[in-house]
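Indexing begins at 1, ligand by ligand and atom by atom, following the structure's order.
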Amino acid sequence: MYTLGIETSCDETSAAIVKDGRRFLSNIVISSLPLHKKYGGVIPEIAFRMQMEVITCAADCALKEAGIKLNNIGLISVTDGPGLLGSLVVGLSFAKGTSLSLDVPLIGVNHLHSHIYANFLNNRTPPKFPFVSLVVSGGHTSLFFMKDFDRIEILGSTQDDACGEAFDKAAKIIGLGYPGGPILEKMAKNGDPGKIKFNCSNTQRHLDFSFSGIKTAVLYYARGSFTGKRKLKSNKLNDICASFQKTVVDTLIDKSLLACKIKKSNKLVIGGGVAANNYLRQEFYRRLQKERRVICYFPELKLCMDNAAMVAGLGYQLFKKGYSSSLGLNVALN
Ligand code: KG4
Ligand code: ZN
């Protein structure tokens, strides 16, 4: 069965065709990022206006690249949340309209769960249930225990900033561009991760996260280090990046290890934009294997960021289990 996936939860407009939930034949991603750069963050109105303009084109391209026709589609799967309200409405409206006009079933899927599903795409040996999973994206940081695609327990989540958001904000504070995550990772390669002592704040519940404190610590450290021209020397910037990155990654690993211990799981499945960070990937592999013999799963790099293939794939699995949505499907902001 061919599933058309639609993903518009943030600044991307993505459409994909996935065969039998596992193999994607196309995965078109159109980003409005260049339009947000000068503001240093995503402007929701700009994002959803562009999504309205390009969504039809994204779906057309996905069909063309997959070499199939509209009437070959057996299911439409769409992100219904969480995400930006206007952006989600554009994707949902398009998916509902297409479902009605083609008379094919519709299913709404959760954006965070779909990030984890990226590990099941084009993968000959996907993880087997049950497992602990960690989503690290621009908008969320969450730990789950997954017994199946529809049996998901939330173990913890961020109490303030998301992990990717903290990377972006820290980068902005020290004058790097937007989005800061990938730039910060690059700078960190030439820095000393042990140079500056940063901390992530404690949380009342051990499996929750808090990243707003470390962002403020970067602000104060940077302020105290400005030279007369209010510019930081590049080696100091590199040290801030390396120390920040190490502290955040150590926290993610400590909490993931604890979750695996509590749930007696020897598998950790990771997804979301920050999972593209190479330092994070290497450290997770190294420490989880060494400290608890836990096997880590990461999606292919190109599937870490928002994309519709993961949405189509998860929708297919849920549909096979008997789930579907009506045309009354609404945005699920949380
Ligand atoms: O999952 P995603 O594409 O969108 C959301 O659902 O939010 O994640 C985007 C986030 C941004 O905050 C971006 O800075 C971060 O992922 N990111 C990274 C890296 N690549 C993307 N953060 C750290 N290191 C990276 N290499
Ligand atoms: Zn995402």
Enquirer: Which ligand 1 atoms, with their elements, are less than 4.0 angstrom from a heavy-atom of Asp168?
Expert: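 Those of ligand 1 that fall under 4.0 Å from Asp168 are 11 (C), 12 (O), 13 (C), 14 (O).
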
Enquirer: Should you measure from each heavy atom of Phe167, which atoms of ligand 1 turn up under 4.0 Å away?
Expert: 23 (C)

Enquirer: Please compare Gly273, Ser9, Pro82 and report which has the shortest non-hydrogen distance to atom 21 (C) of ligand 1.
Expert: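 That would be Gly273.
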
Enquirer: Give the numbers and elements of all ligand 1 atoms closer than 4.0 Å to a heavy atom of His111.
Expert: 6 (O)

Enquirer: So which of the N, O or S atoms of Asp306 lies nearest the Zn ion (ligand 2)?
Expert: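 Going by distance to the Zn ion (ligand 2), the closest N, O or S atom in Asp306 is OD1.
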
Enquirer: Using heavy atoms and a 4.0 Å limit, tell me yes or no: is His140 in contact with ligand 1?
Expert: no

Enquirer: With ring centroids as reference points, do Phe131 and Tyr297 lie under 6.0 angstrom apart?
Expert: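 No - the distance between ring centres of Phe131 and Tyr297 does not fall below the 6.0 Å cut-off.
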
Enquirer: Surrounding CD1 of Ile154 (heavy atoms of other residues, nucleotides or ligands, distance under 6.0 Å), is the total greater than 12?
Expert: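 Not more than 12 within 6.0 Å, no.
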
Enquirer: Does NZ in Lys215 sit with more than 12 non-hydrogen atoms of other residues, nucleotides or ligands closer than 6.0 Å?
Expert: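 Yes, enclosed.
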
Enquirer: Centroid separation under 6.0 Å, is that true for the rings of Phe129 and Phe149?
Expert: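 Yes, the ring centres sit under 6.0 Å apart.
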
Enquirer: Please state which protein non-hydrogen atom is closest to atom 26 (N) of ligand 1 and give its distance, to 0.1 Å?
Expert: Glu185 OE1, 2.8 Å

Enquirer: Taking non-hydrogen atoms only, is Met305 closer than 4.0 angstrom to ligand 1 via side chain, backbone, both or neither?
Expert: both

Enquirer: With a 4.0 Å cut-off on heavy atoms, is Cys10 in contact with ligand 1?
Expert: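 No; Cys10 lies far enough from ligand 1 that no heavy-atom distance drops under 4.0 Å.
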
Enquirer: Check ligand 1 against Gly164 and write out every atom of the ligand that is under 4.0 Å from a heavy-atom position of the residue.
Expert: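 Answer, ordered by atom number: 12 (O).
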
Enquirer: Distance to 0.1 Å, residue and atom name: give those for the protein heavy atom nearest to atom 24 (N) of ligand 1.
Expert: Asn277 ND2, 3.0 Å

Enquirer: Which heavy atom in Gly164 sits nearest to a heavy atom in Val274, and how many Å separate them?
Expert: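 Residues Gly164 and Val274, closest heavy atoms: CA-CG2, 3.5 Å.
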
Enquirer: Compare every heavy atom of Cys10 with every heavy atom of Leu84, then report the nearest pair and how far apart it is.
Expert: CD1-CA, 4.0 Å

Enquirer: With the Zn ion (ligand 2) at the center, what angle do NE2 from His115 and NE2 from His111 span, rounded to 10 degrees?
Expert: 100°

Enquirer: Does a side chain donor of either Thr8 or Gln51 reach within less than 3.5 Å of an acceptor in the other side chain?
Expert: no

Enquirer: Please list the nearest protein heavy atom to atom 15 (C) of ligand 1 with its residue and the distance rounded to 0.1 Å.
Expert: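 Heavy-atom neighbour on the protein nearest atom 15 (C) of ligand 1: Val274 CG2, 4.0 Å.
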
Enquirer: Within a distance under 4.0 Å of any heavy atom of Gly139, pick out the atoms of ligand 1 and give their elements.
Expert: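 Under 4.0 Å from Gly139, ligand 1 has these atoms: 7 (O).
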
Enquirer: With backbone taken as N, CA, C and O and side chain as the heavy atoms from C-beta onward, which portion of Asp306 lies under 4.0 Å from ligand 1: side chain, backbone, both, or neither?
Expert: both

Enquirer: From atom 25 (C) of ligand 1, work out which of Ala118, Gly181, Cys304 has a heavy atom at the shortest distance.
Expert: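 Closest candidate by heavy-atom distance is Gly181.
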
Enquirer: Identify, for atom 9 (C) of ligand 1, the protein heavy atom at the shortest distance, and state residue, atom and that distance.
Expert: Gly138 N, 3.7 Å

Enquirer: Looking at the rings of Tyr117 and Phe120, which for Trp means the six-membered one, are their centres under 6.0 Å apart?
Expert: yes

Enquirer: Pick one of side chain, backbone, both or neither for how His115 approaches ligand 1, counting any non-hydrogen atom pair under 4.0 Å.
Expert: side chain

Enquirer: If you measure only the distance, is there a donor-acceptor pair under 3.5 Å linking the side chains of Arg286 and Gln282?
Expert: no

Enquirer: Please name the pair of heavy atoms, one in Ala275 and one in Ile270, separated by the smallest distance, quoted to 0.1 Å.
Expert: CB-CG2, 3.9 Å

Enquirer: Does one side chain, of His111 or Asp306, offer a donor that lies under 3.5 Å from an acceptor on the other?
Expert: yes

